[in-house]
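The structure presented is a predicted model; accordingly, all values stated were derived computationally and were not measured.
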Amino acid sequence: MSKTTAFPVVLLVAFLAGCGANAPEEPAEAAPDEAAEATVNVVIETTLGEIEVELYPERAPLSVPHFLRYVDGGHYDGAATFYRATHTAAGDAHDVVQGGMRSLPMLVRDGGEAEAEPPFPPVPHELTQDTGIRNERGTLAYARNEPGTANTEIFFNVGDNFVLDTGAGDPTRDGFGYATFGRVVRGMEVLDEIHRLPTDAPAASEVVQGQILNEPVPIVSVRRAE
């Protein structure tokens with residue numbers, strides 16, 4: 001009796017073992033994603049529409065807090081404009097839209113006094129090779145004179161302006177580049193519209209001749225996105 005039942009049992013065990021070998025494996029538990037990069041979004045409201053910008057405090061730990069100091073204090077609200085646009089098609093080295101409180105010396109009007117005195121000291125310069133944010137279309141950066149003099153003035157790249165990166169091979173520049181710290185996530189069309197506005201207004205300096213908007217675009221407010 002034992003001999004007649006053993007063989008079927010052995011076959012059954014072998015069959016079940018074979019099924020186990022060919023059965024689909026349970027999906028492995030997914031590895032936890034790396035922690036997402038911390039960002040802060042701000043909304044720049046202009047009379048032509050809103051521009052939402054994503055800021056990168058981890059990549060630009062000096063530039064972002066400086067900008068947010070102005071944002072949280074309401075210093076740009078009603079006191080700043082977009083007033084400058086440059087065009088490679090017109091022979092400029094880059095395509096940007098610049099705004100702020102017009103506190104740079106190159107923007108000082110006849111008489112020698114700036115339109116607005118910055119309430120805070122300038123921000124130390126951050127290199128694009130350290131932040132990893134190139135001056136490409138849609139990025140936000142500080143306008144400046146010498147490295148370490150950036151304060152209230154900002155610009156948006158409306159084209160890929162790699163000549164503004166740290167270490168760019170341009171003998172007419174100092175090689176430090178312009179500190180980038182954010183990127184447009186909504187409202188790029190507003191910047192494109194500003195970039196198309198006429199730029200025939202008188203300039204305080206030859207450096208910006210032919211780049212000053214006839215009618216600057218008011219910045220109504222700059223606030224953290226909700």
Candidate pair Asn41 and Glu52, rule side-chain hydrogen bond (donor to acceptor under 3.5 Å, both in side chains), full reasoning: CA-CA 7 Å; Asn41 283 36; Glu52 184 171 351; 2.9 Å; yes
Could you give me the CA-CA distance, side-chain angles and deciding distance for Asn157 and Glu136, then say whether side-chain hydrogen bond (donor to acceptor under 3.5 Å, both in side chains) is met?
CA-CA 6 Å; Asn157 290 290; Glu136 60 188 1; over 6 Å; no
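The aromatic ring centres of Phe67 and Tyr76 sit less than 6.0 Å apart. A centroid separation of less than 6.0 Å is found between the aromatic rings of His87 and His195. Remark: aromatic rings of Phe181 and Tyr142 are close, center separation under 6.0 Å.
With Phe120 as the aromatic partner, Arg69 meets the cation-pi criteria of under 6.0 angstrom to the ring centre and within 45 degrees of the ring axis. Relative to the six-membered ring of Tyr56, Arg183 misses at least one condition, a distance below 6.0 Å or an angle of at most 45° to the axis.
Tested against Leu104, the residues Val208, Asn145, Thr152 include a single side-chain contact (heavy atoms from CB on, under 4.5 Å) partner, Asn145.
Remark: the backbone N or O of Ser103 is paired with a side-chain donor or acceptor of Glu153 at under 3.5 angstrom. Proximity of a side-chain donor or acceptor of Asp165 to a complementary backbone N or O of Gly177 within less than 3.5 Å is not detected. Put simply, the side chain of Asn161 never gets that close to the backbone of Asn135: no donor and acceptor are under 3.5 Å apart.
More than 12 heavy atoms of other residues, nucleotides or ligands sit less than 6.0 Å from atom CD of Gln129.
Under the 30°/60° scheme for interplanar angles, the aromatic rings of Tyr70 and His75 are found to stand perpendicular.
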